[in-house]
Amino acid sequence: MTSQDTHRAVDAVWKMESARIIAGLVRMVGDVGLAEELAQDALLSALQQWPESGVPDNPGAWLMAVAKRRAIDHLRRGERLDRRHEQLAHEIATRQDTSEADLDEALDDEVGDDVLRLMFVSCHPALPAESRVALTLRLLGGLRTEEIARAFLVSEPTVAQRVVRAKRTLAALQIPFEIPVGPDRAARLSSVLEVIYLVFNEGYAATAGDGWMRQDLCHEALRLGRLLAGLAPGEAEVHGLVALMEIQASRSAARTTPSGQPIALHEQNRGRWDQLLIHRGFAALLRARQCGGPLGPYVLQAAIAVCHARARTAQETDWTQIAALYEALAKVLPTPVVQLNRAVALAMAYGPEAGLALADTLVTEPALKDYHRLPSVRGDLLARLGRHEEARREFERAAALTLNGPERTILLERAAACAEAAPPGTAPTLAEAASAFLARDDLDAATVRSYGQTMSRLRRALGDGIPLPDVSATQVADVFTAAWGGAASATWNRHRAAVRSFSAWAATQGLLTGDPARDPAADPARDPARELTWDLAARLGRRPEPRGRTRPIDRPHIEALWRRPDLALRERALWLLLHESAAGVGSALALNVEDLDLAGMRGRVVAGTVGRASSGSRWIQWRAGTAELIPHLVAGRGRGPLFLSDRRPGPGRPPAPGDLCPETGRRRLSYERAEYLFKQATGYTLDQLRTR
């Protein structure tokens with residue numbers, strides 16, 4: 001056998017057997033990193049011996065036996081070998097003939113459970129999503145670092161660092177090599193399924209690069225999903241995910257033109273769909289339903305895929321049923337992406353107006369701010385309604401956001417087609433201009449939410465369909481008087497600032513007229529009856545705001561607050577800390593467990609920015625009340641943020657590593673959420689908690 005043949009054989013065996021080998025070794029040595037090193041040593045032995053001896057009849061068992069010998073040697077050297085390992089070492093050392101039956105015993109009957117355990121370990125929620133993906137493909141997929149880097153269009157050092165950090169985190173947290181039970185199992189299983197589906201989605205619709213699909217990642221995710229289904233046959237969501245991937249993968253041959261350009265689902269040649277994969281998907285969904293229990297997100301998405309697969313033509317698709325399934329999916333998985341897909345289904349079932357009404361509510365959603373599919377969907381619906389100029393802007397925005405070359409080409413082509421179809425001189429409506437204004441890249445999430453409240457009120461009062469040039473400053477002033485006439489000065493001024501910003505943006509886009517720099521007659525000082533259409537806030541005077549610091553809460557209210565029995569520990573600890581320390585809210589939220597000095601009743605805020613905290617390193621000092629609560633709040637945690645949110649972050653909104661607790665998988669409590677909870681409970685703001 002030549003060296004090249006040996007390398008091909010070793011690569012094939014490694015991709016098929018590496019997960020079982022590493023899983024078995026982790027059970028022996030209890031360390032993912034060490035197990036992978038021992039497996040790599042066995043692989044090196046194969047490269048050295050197989051060219052002369054030939055590939056064994058059972059190469060996986062051969063590699064496992066060699067790797068186990070290395071593991072036993074390591075345990076002996078570390079003087080940590082227990083009786084079980086001594087007995088196994090004796091049997092291997094005294095064995096004279098390594099027959100195929102003996103080698104099969106090396107892959108003992110627990111290996112299936114070992115692979116499942118390894119899945120739960122590599123997909124632990126304490127790891128960031130990108131680290132979970134890299135580690136899973138490395139340990140369970142048998143992919144090399146350069147293969148993972150090439151698949152996700154990142155550098156090899158980046159992938160290597162993710163894998164190394166993931167192993168260190170698992171070792172530091174001492175994650176047990178076991179299959180969790182009860183609620184922990186459900187939470188960990190959802191993480192495993194999430195990783196597998198992330199891998200599949202990256203292959204099915206590449207987020208970047210020159211190719212529309214990456215078939216190798218689709219195949220790898222399908223292999224992992226099928227493996228998991230065999231190891232956990234009683235889990236409905238596992239079979240649901242497999243069904244979803246099988247049916248989506250069945251369309252691969254019909255999704256692109258010979259030149260690699262994407263083909264929309266309704267334009268695909270369904271005769272090219274792989275019927276074998278479709279039948280396998282149907283069978284997997286049937287197994288999921290037989291497992292019983294409530295319908296989970298993957299089972300519901302698989303049911304939607306089945307509706308598409310059953311339709312012989314695009315016109316026969318049961319969009320009413322799909323819309324109903326998306327409504328059910330939105331209840332169990334209430335994410336903005338699900339709502340966006342539901343908008344598409346509603347448009348197909350009940351007309352583009354129904355879909356656009358839902359899609360418009362997502363414009364101010366922070367999670368979709370840079371998601372190219374939102375403007376793409378809105379562009380398609382607007383084009384179907386004949387609003388071609390608005391559709392053009394949406395397609396151009398989508399093209400600017402996507403990193404995928406073929407998709408960008410399609411979006412720009414659709415934008416050009418809309419530009420040709422648009423009537424000359426068509427003025428945008430208030431709704432169109434407001435949506436484009438809020439979709440700007442230079443607005444952060446908080447500003448979009450604040451401006452969105454103002455623009456929503458104007459749209460409800462004046463009507464979405466009113467042409468923007470027809471909106472006058474007098475009309476805007478009337479809306480302000482009705483909505484915020486009795487509001488505090490700060491509220492009035494905040495909404496006024498939003499209108500001024502909108503007017504300035506619209507003027508730069510050429511959407512408003514009457515610039516006094518070019519038309520002196522437009523100045524109301526010359527003609528008070530004439531409106532300044534270039535400044536919709538022209539008739540909104542700024543209200544004076546009281547100066548000085550915010551008035552603190554009265555002492556009786558403060559004392560009553562601590563006696564309330566309904567307060568959670570986290571809220572009591574945060575509020576009491578703010579009251580006793582007089583620290584800023586952002587500074588308190590920036591505290592980390594490892595920076596606490598419990599004996600000294602203080603905590604150090606390291607450099608960084610959280611909420612309103614500013615950069616720098618400083619100490620926050622508290623008193624006895626806070627000192628009594630914080631040890632209970634920490635509850636044995638040694639690292640991560642002191643104040644944690646209630647939920648783990650979703651896959652589409654990963655937090656910064658410093659804002660994620662490695663022990664619970666939950667993120668740092670945000671300033672906005674903390675402020676909201678306090679206002680709901682007391683009616684005051686957190687700044688009013690400081691001492692007099």
Exercise for the section: Evaluate the side-chain proximity of L458 to V499: yes if any heavy-atom separation is below 4.5 Å, no if none is. Expected result: yes
Problem - Close side-chain approach of V242 to H239, heavy-atom, < 4.5 Å - result: no
Exercise for the section: Would you give the length of the straight line joining atom OG of S503 to atom CG of L536, rounded to the nearest 0.5 angstrom? Expected result: 3.5 Å
Exercise for the section: Would you name the heavy atoms of A349 and A323 that are closest together and state the gap between them? Expected result: CB-CB, 4.4 Å
Handout entry: Crowding at CZ, R310 (>12 non-hydrogen neighbours, <6.0 Å)
Key = no
Practice task
Give a yes or no on whether the backbone of A398 and the side-chain of S376 come within a donor-acceptor separation of less than 3.5 Å.
Solution key: no
Exercise for the section: Show your working on side-chain contact (heavy atoms from CB on, under 4.5 Å) between T491 and R494 and close with a plain yes or no. Expected result: CA-CA 5 Å; T491 301; R494 175 169 62 86; 4.2 Å; yes
Problem - Sidechain-backbone polar pair: R251 side chain, R270 backbone, donor-acceptor under 3.5 Å - result: no
Practice task
State, without any angle test, whether E675 and Y671 hold a side-chain donor-acceptor pair at a distance under 3.5 Å.
Solution key: yes
Handout entry: D659 and R667 ion-paired at < 4.0 Å
Key = no
Exercise for the section: Apply the test side-chain contact (heavy atoms from CB on, under 4.5 Å) to residues Q301 and Y197: give CA-CA distance (whole Å), side-chain angles for both, the deciding distance (0.1 Å), then the verdict. Expected result: CA-CA 12 Å; Q301 290 178 81; Y197 198 38; 4.0 Å; yes
Problem - Carboxylate-amine/guanidinium contact R414 D380, below 4.0 Å - result: yes
Exercise for the section: Step by step, work out the side-chain contact (heavy atoms from CB on, under 4.5 Å) result for V471 and I466. Expected result: CA-CA 7 Å; V471 178; I466 182 173; 3.9 Å; yes
Completion exercise
F395 meets the ring pair (Phe, Tyr, Trp, His ring centres under 6.0 Å) criterion, sequence neighbours left out, with none
Problem - Side chains of V238 and L193 in contact at under 4.5 Å (non-hydrogen atoms) - result: yes
Handout entry: Short side-chain to backbone donor-acceptor contact, T402 and A399, under 3.5 Å
Key = no
Problem - Donor-acceptor under 3.5 Å (E237 side chain, V299 main chain) - result: yes
Practice task
Would you confirm whether Q680, through its side chain, and Y676, through its main-chain N or O, come within 3.5 Å as a donor-acceptor pair?
Solution key: no
Problem - Flag, side chain of E396 to backbone of A415, donor-acceptor distance under 3.5 Å - result: no
Handout entry: Check: S435 and R378 side chains under 4.5 Å, non-hydrogen atoms
Key = yes
Practice task
Answer whether the closest heavy-atom distance between the side chains of Y204 and R255 falls below 4.5 Å.
Solution key: yes
Exercise for the section: Of all the heavy-atom pairs spanning H388 and A383, show the shortest one and how long it is. Expected result: CE1-O, 3.7 Å
Exercise for the section: Decide yes or no for L468 and T429: does some side-chain heavy atom of the first lie under 4.5 Å from some side-chain heavy atom of the second? Expected result: no
Handout entry: S450 vs T447, side-chain hydrogen bond (donor to acceptor under 3.5 Å, both in side chains): CA-CA, chis, key distance, verdict
Key = CA-CA 5 Å; S450 177; T447 303; over 6 Å; no
Practice task
Answer with yes or no after comparing the ring centroid distance for H308 and W319 against a 6.0 Å cut-off, counting only values under it.
Solution key: yes
Exercise for the section: Give a yes or no on whether the backbone of L382 and the side-chain of R387 come within a donor-acceptor separation of less than 3.5 Å. Expected result: no
Practice task
Walk me through it: do L401 and Y371 pass the test side-chain contact (heavy atoms from CB on, under 4.5 Å)?
Solution key: CA-CA 7 Å; L401 289 175; Y371 188 48; over 6 Å; no
Practice task
Without swapping roles, check the side chain of R668 against the backbone of G658 for a donor-acceptor pair under 3.5 Å.
Solution key: yes
Exercise for the section: Salt-bridge test for R397 and E394: reply yes if a basic N is under 4.0 Å from a carboxylate O, no otherwise. Expected result: no
Exercise for the section: Write down the atom of L385, the atom of P352, and the distance for their closest heavy-atom approach. Expected result: CD2-CG, 3.5 Å
Practice task
Flag the pair C307 / T317 as yes when at least one side-chain heavy-atom distance between them is below 4.5 Å, and no otherwise.
Solution key: no
Completion exercise
In short, T454 meets H495 closest at the heavy-atom pair OG1-ND1, 2.7 Å
Practice task
Report the distance from atom CG of L381 to atom CG of L346, rounding to the nearest 0.5 Å.
Solution key: 10.0 Å
Practice task
Taking all non-hydrogen atoms of both residues into account, name the closest pair between P428 and P469 and its distance.
Solution key: O-CD, 4.1 Å
Fill in the blank from the handout: Rounded to the nearest 0.5 Å, the CD1 atom of I247 sits from the CD1 atom of I304 at a distance of 11.0 Å
Practice task
State whether a side-chain donor-acceptor pair under 3.5 Å links H372 with E407.
Solution key: yes
Practice task
Just grab all the ring-ring contact (aromatic ring centres under 6.0 Å, His included) pairs involving residues 330-365, residues at least two apart or on different chains.
Solution key: none
Handout entry: Shortest non-hydrogen separation from M245 to A221 and the atoms involved
Key = CE-O, 3.5 Å
Fill in the blank from the handout: Taken in chain and number order and not counting sequence neighbours, the residues that satisfy salt bridge (charged side-chain N to carboxylate O under 4.0 Å, His left out) with D370 are none
Problem - Distance in Å, M348 CE paired with T320 OG1, rounded so as to fall on 0.5 Å steps - result: 11.0 Å
Handout entry: Lys/Arg-Asp/Glu bridge criterion (N-O < 4.0 Å) met for D646, R570
Key = yes
Exercise for the section: Measure the CZ-CG distance between F643 and L589 for me, rounded to the nearest 0.5 Å. Expected result: 7.0 Å
Handout entry: S252 side-chain N/O to A249 backbone N/O, donor-acceptor pair under 3.5 Å
Key = yes
Problem - Pair Y451 + F437: ring centers closer than 6.0 Å - result: yes
Handout entry: Validation row: L170, K167 side chains within 4.5 angstrom (heavy atoms)
Key = no
Problem - Between OG1 on residue T364 and CG on residue D360, distance to nearest 0.5 Å - result: 10.0 Å
Exercise for the section: Tell me, yes or no, whether the heavy-atom count around R500 atom CZ, taken from other residues, nucleotides or ligands under 6.0 Å, exceeds 12. Expected result: no
Problem - Evaluation steps, salt bridge (charged side-chain N to carboxylate O under 4.0 Å, His left out), between R162 and E130 - result: CA-CA 7 Å; R162 289 175 182 175; E130 63 272 12; 5.1 Å; no
